[in-house]
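In this text, all values refer to a predicted model and were calculated from it rather than measured experimentally. Sequence lines set the chain letters: A, B, ... in the order given, protein chains first and strands last, and positions in each chain run from 1.
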Amino acid sequence: MKSALKTEAAAAMIPDGATLMIGGFMAVGTPHRLIDAIVAAGPRDLTIIANDSAMPGKGIGKLVSAGLVARMVVSHIGLNPETQAEMNTGRIAVDLVPQGTLVERIRAGGVGLGGILTPTGLGTLVAEGKRIIEVAGKPYLLEEPLRADFALIAARRSDYVGNLEYFLTAQNFNPLMAMAADTVIAEPEAIVPVGVIPPDAVRTPGAIVTHILERPA
Amino acid sequence: MKSALKTEAAAAMIPDGATLMIGGFMAVGTPHRLIDAIVAAGPRDLTIIANDSAMPGKGIGKLVSAGLVARMVVSHIGLNPETQAEMNTGRIAVDLVPQGTLVERIRAGGVGLGGILTPTGLGTLVAEGKRIIEVAGKPYLLEEPLRADFALIAARRSDYVGNLEYFLTAQNFNPLMAMAADTVIAEPEAIVPVGVIPPDAVRTPGAIVTHILERPA
Amino acid sequence: MEPKDYIAARVAQEILPGTLVNLGIGLPSLVAGYIPADAGVFFQAENGVIGMGARPPEGMEDPDLTDAGGGFITAVPGAAAMDSAMSFGLIRGGHVDVTVLGGLQVDGQGRLANWMVPGKMVPGMGGAMDLVGGAKRVIVAMTHTARGAPKIVGTCTLPLTSERPVDLIVTEMGVFAPGPGGLGIVELAPGITLEALRAVTGAPLAA
Amino acid sequence: MEPKDYIAARVAQEILPGTLVNLGIGLPSLVAGYIPADAGVFFQAENGVIGMGARPPEGMEDPDLTDAGGGFITAVPGAAAMDSAMSFGLIRGGHVDVTVLGGLQVDGQGRLANWMVPGKMVPGMGGAMDLVGGAKRVIVAMTHTARGAPKIVGTCTLPLTSERPVDLIVTEMGVFAPGPGGLGIVELAPGITLEALRAVTGAPLAA
């Protein structure tokens, strides 16, 4: 059982230079209250692992605008001209990763795999500097696992065990990232009593959730 | 939309020498009606990929007793003395695979990975004949994907799109195997109208299910 | 009819009933409007839903149901929601029947470039590399030229999306099947001559 | 008290409140009976549930809720069901705090053999190799001898389960921490002398 954590206390846990996985897809399924609190706390030189950098003024875009980000590992920055500009000036180092490969690298980090073999990226810029392994006569790129210091997870509901339920397309990377970080902070829209979420509706078991964020104000 | 398939018609699709993935864990979450119909139809020299061979007279154990199996890729045969005896006489070739590795090999076959790297099995009999790949200075076994001609899937509910819902520990390997076979036959306990299963309760999308078995008699 | 509408309508003819289809953002997303509702076609949005429906009426948008471009959508009866691992497992595992994508360049053999213009525009590949590599059939839907210059070229000068060739190219000038022997002509759009096509096509036409 | 009950009760003292625990079948499964219900310990059954509870009253068994041995169980409030990929992802990804497993042999450095006796008994490894390699802490719970022969040996003659050493061995004779220097003695069971231990232990004791 976990008691809910104050949003400011959660943000204060994140030091300069931390690596954060942040759930969401174009700011849908992103932990918005945590991001606002991190912008207020202002840790520097963050590495962000996420699907995308959203848009200026929304979700992860707020961390970019606040100048807190040193490096991003993402699949898409097309809707955030600020990220593109910061990449071009070299202020933010951006690793672009095919979305499916990003998913599998995060999953590998969470489930203890040493890497995965994928054809995605063969013969493209993505293959540069990577090992090619042949299996059954076909070449594959060896892609290595990703892990983070913190995973910031948006969920629809949590109970006080930390079991998480997601909703429609707000699920996306959240359950994968919750497996792949040393400290997992879940930001639910609602917290319900233990026993209310049916076992088959739980997508992230509470055993791997370190902290539950307090209810929205 | 798919109309429900007669059990006998489903069993008749399976030729001699076919490779079948069959869901279930000690006969829980196993498609029992399909297995009975296959025993009746009697295809020979089957390869079975499954967690275990259950017990004599139950689930996959019936296929073993009927003498239909030439090869098994499983993690456990401890509760089925018939499988052990058939292995010892060489009548059934048994590949024993660590359960977590079996899961990941099936998943790899379903999601298009060329293989996965795992520490499980290093320094044991499981490592024999396998490649060892180093990532970040640590050794891992390269484990190759598994696929099947047919996946026989047990589900709690299906709709006529083929969307599948599972229940508690009857889920186990079913959603993974449904991704990894050329033909997917789902045996639901109930079939409900389209739109009744909430999108977030679907664990196997109907788009990958080839046939839905008729309701239980 | 605008070129993009012509292209979208023509691509729609390639979509068989009962299939699972992923449409890229922009022009490809228009294809959905030309598929009959009773065709049993399910559209995937790779951010995590199969059974994407049209934009909801105003006031009925849900912030937790969007497409891969972040736009509001609906869910058709029989829709399924999923995480990114399942969504891309479907794409990379060969479970998506058709993907329709835009293109910056395609060569005569079908190699596509659609994710960056070095030094100018680097949006990232998103799911494009996975889709081109993983879908059973890949269709490029694009205008035939960009500011007068051919987009079907002898050799892509932009970074490739995949080394796997696409299966079909649909433009306002026709339908083309790229192959080792060059660009095959499946059909020419009404009023387009071979000379007119050749003048704005950078790749050799197959014999 | 039977040796197996003594062992199970002693292992239970190693389980911290609020942890995620996987118990093997047989002797290890008895450990659950010695953990207070209010300790916030969640038990995983690797066939797909966290929050496994006791056997249900007769007539209230559910065929879709079983443990990894196929026996009927209940689900405690806050339980979560999952597929095998998630269940083993938790095990292999280091999310399980403690696993308690039986053993056929363990050497003084902690290498465990518990999945086959060549030519005699080949049940298969099930999840044992994943659990030994993946759990944060691995405890072996077993009787000290089998038909009078030591089960803690100088070198395992049976095939290893993992090259990763286990953290603790609990028998009816005491609690032992294997290590590179040999078998460390954490405690001796009441009435057990060092001589008595040495007589039935095949591995060198650490200084």
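Neither the backbone nor the side chain of Val74(A) comes within contact range of chain C, judged by heavy atoms closer than 4.5 Å. Heavy-atom distances place no part of Met55(A) under 4.5 Å from chain C, backbone and side chain included. Contacts of Ser87(C) with chain A are absent, with no heavy-atom separation under 4.5 Å from either backbone or side chain. Residue Pro63(C) touches chain A through its backbone alone, counting heavy-atom pairs closer than 4.5 Å. Only the side chain of Leu79(A) has a heavy atom closer than 4.5 Å to any heavy atom of chain C. For Met82(C), the part lying near chain A is the backbone, with the side chain staying farther off; criterion is any non-hydrogen pair under 4.5 Å. The contact between Ala68(C) and chain A is made by backbone and side chain atoms together, counting heavy-atom distances below 4.5 Å. For Phe25(A), the part lying under 4.5 angstrom from a heavy atom of chain C is the side chain only. Both the backbone and the side chain of Asn172(A) come within contact range of chain C, each with at least one heavy atom under 4.5 Å from a heavy atom of that chain. Looking at Ile91(C), there are no atoms closer than 4.5 Å to chain A (heavy atoms on both sides), in backbone or side chain. Residue Pro119(A): no heavy atom, backbone or side chain, is found under 4.5 Å from chain C. Using a 4.5 Å cut-off between heavy atoms, Thr101(A) touches chain C through backbone and side chain atoms alike. Interface remark: Leu176(A) contributes side-chain atoms only to the contact with chain C (heavy atom separation under 4.5 Å).
At least one side-chain heavy atom of Leu96(A) sits less than 4.5 Å from a side-chain heavy atom of Val122(C). Counting heavy atoms from C-beta outward, Leu125(A) and Met116(C) have side chains that approach closer than 4.5 Å. Counting heavy atoms from C-beta outward, Phe167(A) and Asp62(C) have side chains that approach closer than 4.5 Å. For the pair Thr118(A)/Met129(C), no side-chain contact is recorded, criterion being any heavy-atom separation below 4.5 Å from C-beta on.
Residue Ile185(C) places its CD1 atom among more than 12 non-hydrogen atoms of other residues, nucleotides or ligands, all under 6.0 Å distant. Residue Lys151(C) qualifies as enclosed at atom NZ: its count of foreign heavy atoms under 6.0 Å is above 12. Around atom NZ of Lys138(A), no more than 12 heavy atoms belonging to other residues, nucleotides or ligands sit under 6.0 Å away.
The CG atom of Leu160(C) lies 7.5 Å from the OG1 atom of Thr124(A); values are rounded to the nearest 0.5 Å. Note that CG of Asn47(C) is 8.5 Å distant from CG of Asn51(A), once rounded to the nearest 0.5 Å.
Chain A forms more heavy-atom pairs under 4.5 Å with one residue of Ser84(C), Gly134(C), Ala128(C) than with any other, namely Ser84(C). Here His76(A) is the residue among Met26(A), Arg203(A), His76(A) with the most heavy-atom pairs under 4.5 Å with chain C. Each of Ala85(C), Ala45(C), Pro159(C), Gly133(C) has some count of heavy-atom pairs under 4.5 Å with chain A, and the biggest count is that of Ala85(C). The choice from Gly124(C), Gly48(C), Pro123(C), Ala81(C) that makes the most heavy-atom pairs within less than 4.5 Å of chain A is Pro123(C). Each of Ala127(A), Gly100(A), Ala27(A), Ala170(A) has some count of heavy-atom pairs under 4.5 Å with chain C, and the biggest count is that of Gly100(A).
A distance-only check finds no donor-acceptor pair linking the side chain of Thr120(A) to the backbone of Asp130(C) [under 3.5 Å].
Contact record, Arg156(A) with Asp64(C): NH1-OD2, 2.9 Å, taken as the closest heavy-atom pair.
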